[in-house]
2 protein chains.
Amino acid sequence: MMECYRSDREEECMTSQDPGETGSLLLDDQLCFGLYSASRAITSLYRTLLEPLDLTYPQYLVMLVLWEHDAQQVKELGAALNLDSGTLSPLLKRLEKSGLVTRERQAEDERSVRIRLTDDGAALRAKAEEIPPHIGAAMGLDPAVLTGLRTTMDRLAASVNTYRESFPPA
Amino acid sequence: MMECYRSDREEECMTSQDPGETGSLLLDDQLCFGLYSASRAITSLYRTLLEPLDLTYPQYLVMLVLWEHDAQQVKELGAALNLDSGTLSPLLKRLEKSGLVTRERQAEDERSVRIRLTDDGAALRAKAEEIPPHIGAAMGLDPAVLTGLRTTMDRLAASVNTYRESFPPA
DNA sequence: CACAACTAAGTTGTGCACAATGAGATATGG
DNA sequence: CCATATCTCATTGTGCACAACTTAGTTGTG
């Protein structure tokens, strides 16, 4: 896939020779597609690493948030991860069924549900400690590049979201 | 949430002052999560931009591949996009139902199915030309950074995939 | 107080991703 | 030749994402 693949009838390689062109249907998606591919590759690695913990990557993200700060509302988890209740509600039910969290309606505001780690959920943190080093090793980037990349990603997401929210421009 | 919250047993705030530290549960995911967020933000923008074309982002990617090179096998599309038939088969059926592609079994090898653009599918390219400029504007990165980022993403995906394929290391 | 506006969470429906499995076609070795 | 392995695609099942909608609770106003 990184080389130009031949179909059975023609060779139209060499399309990538137009570096200044950011508006073509060829080049446009090379960054977006690269990002999309990299994101899927990382999720795939997490799938392998998280299999012993019986967690998916989004579930692991929720656990990370809770390990940092227990007993949050669904709304707060959503704000932390940019996920809405349509994604979180079923995910949290699965975590509850796995015995890692509890879900209880708040007495003071019956609309909201507070998510708390169970003892098992809190204990799982120890096993999770083994994961970050693998991720670091897998990415194989030196810390400076890594830090810069994180900043760039944050800015990129912010910029893209701003653009989208003010769309259409008219 | 953007301030440092304490866990229930240690205070590991200020970890971002430890650039060599790639192994904590706090820091690890800041890059992976940033990537995941950026990828979703971009997909979300594509959703907005692609709505008039009645395409999803993965469908658009398939169309991009076909616009570059028509009449490919499912297997070839899969190689180009790193997607398997479990994802592509239903997606291609939806594109067929939309009238953008045709799917026909090859006579010379009854196992394979060749995907071809219809006239409508080929014509849609003109409308798609309007999309890349929006993406470029939304990302707001200068071309040099953009090119570097693309290279980094490719290397990252490759590195992560290599690591995952040779896992467990034993 | 009544009632509209708002909010938090859940539900429904669509469409990826991906593992696992299966069916049918083709290639290969004995 | 024929048994078996391999290949290509499709199917099934699970779990995100996300839009659109619903339900129930809360708040603000006249």
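Throughout, a chain's letter reflects where its sequence line sits, starting with A, and its residues are numbered from 1. Side-chain atoms are counted along with the backbone in the values below, which use heavy atoms only and exclude waters and symmetry mates.
Of the candidate nucleotides C/dA19, C/dT26, D/dA10, C/dA19 has the atom lying nearest to any side-chain atom of A/R47. Closest to the B/R94 side chain, of the nucleotides D/dA17, C/dG15, C/dC18, is C/dG15. Set against D/dG15, C/dC18, C/dA9, the side chain of A/V74 has C/dA9 as its closest nucleotide. When each of C/dG15, D/dA17, C/dC18 is scored by its nearest atom to the side-chain atoms of B/R40, the top-ranked nucleotide is D/dA17. Checking D/dC9, C/dC18, C/dG10 against the side-chain heavy atoms of B/V113 singles out D/dC9 as nearest. Closest to the B/D109 side chain, of the nucleotides C/dT26, C/dA17, D/dC16, is C/dT26.
Both A/S112 and B/A107 sit near DNA chain C, but only A/S112 has its closest nucleotide nearer the 5' end. When each of A/Q106 and A/L91 is assigned the nucleotide of DNA chain D bearing its nearest heavy atom, the one mapping closer to the 5' terminus is A/L91. Comparing A/P58 and A/D84, the nucleotide of DNA chain D nearest to each residue sits closer to the 5' end for A/P58.
Side-chain contact check for A/L53 versus A/I131: some heavy-atom pair is nearer than 4.5 Å. Using a 4.5 Å cut-off on side-chain heavy atoms (C-beta onward), B/L91 and B/P58 make contact. Residues B/R150 and B/D154 meet the side-chain proximity criterion, which asks for heavy atoms closer than 4.5 Å. Using a 4.5 Å heavy-atom cutoff, the side chains of B/L49 and B/I135 are in contact.
Side-chain atoms of B/S85 come within donor-acceptor range of the base of D/dA10, with a qualifying N/O pair under 3.5 Å.
The shortest distance between the side-chain N/O atoms of A/Q59 and the OP1/OP2 oxygens of D/dC16 is below 4.0 Å. Distances shown here put a side-chain N or O of A/K93 below 4.0 Å from the OP1 or OP2 atom of C/dT11. Taking only side-chain nitrogens and oxygens, B/T87 never comes nearer than 4.0 Å to OP1 or OP2 of C/dA17. Here A/Y57 does not reach the OP1 or OP2 of D/dG15: none of its side-chain N or O atoms lies under 4.0 Å away.
For A/N82 and D/dC18, the CG to P distance is 9 Å, given to the nearest whole Å. In this entry the distance linking CD of B/E108 with P of C/dT26 reads 10 Å, nearest Å. A/E110 has its CD atom 12 Å from the P atom of D/dT27, to the nearest Å. In this entry the distance linking CG of A/L77 with C1' of C/dA8 reads 13 Å, nearest Å. If you take CG of A/N161 and P of D/dA17, they are 15 Å apart, rounded to a whole angstrom. Between B/I115 atom CD1 and D/dA10 atom C1' the separation is 12 Å, expressed in whole Å. Nucleotide D/dG15 holds its P atom 16 Å from the CG atom of A/L83, rounded to whole Å. As a whole-Å value, the separation of B/L92 CG from C/dA17 P is 13 Å.
A side chain to side chain contact (heavy atoms under 4.5 Å, CB included) with A/L35 holds for exactly one of B/T43, B/I42, B/L156; it is B/I42. Considering B/L88, B/I115, B/L66, B/L100 in turn, B/L100 is the only one that fulfils the side chain to side chain contact (heavy atoms under 4.5 Å, CB included) rule with B/L95.
For the atom pair CG of A/L55 and OH of A/Y60, the computed distance is 9.5 Å after rounding to the nearest 0.5 Å. To the nearest 0.5 angstrom, A/L81 atom CG is 8.5 Å from A/L64 atom CG.
Contacts of B/L88 with the nucleic acid, taken as non-hydrogen atoms under 4.0 Å apart, are absent. A/T56 comes within 4.0 angstrom of the backbone, heavy atoms only, and of no base. Within the 4.0 angstrom heavy-atom criterion, no nucleotide atom of any strand lies near A/R114.
Using the six-membered ring where Trp is involved, A/H134 and B/F167 have ring planes that are perpendicular, over 60° apart on the 30 and 60° scheme.
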Restricting both atoms to N or O, compile the protein contacts to nucleotides 2-7 of chain C shorter than 3.5 Å, with distance only.
unit_1	atom_1	unit_2	atom_2	d
C/dT7	O2	A/R111	NH1	3.3

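In a base pair of the Watson-Crick type (N1 to N3 plus N6-O4 or O6-N4) or a G-U wobble (N1-O2 and O6-N3), with each distance short of 3.5 Å, C/dC3 is matched with D/dG28.
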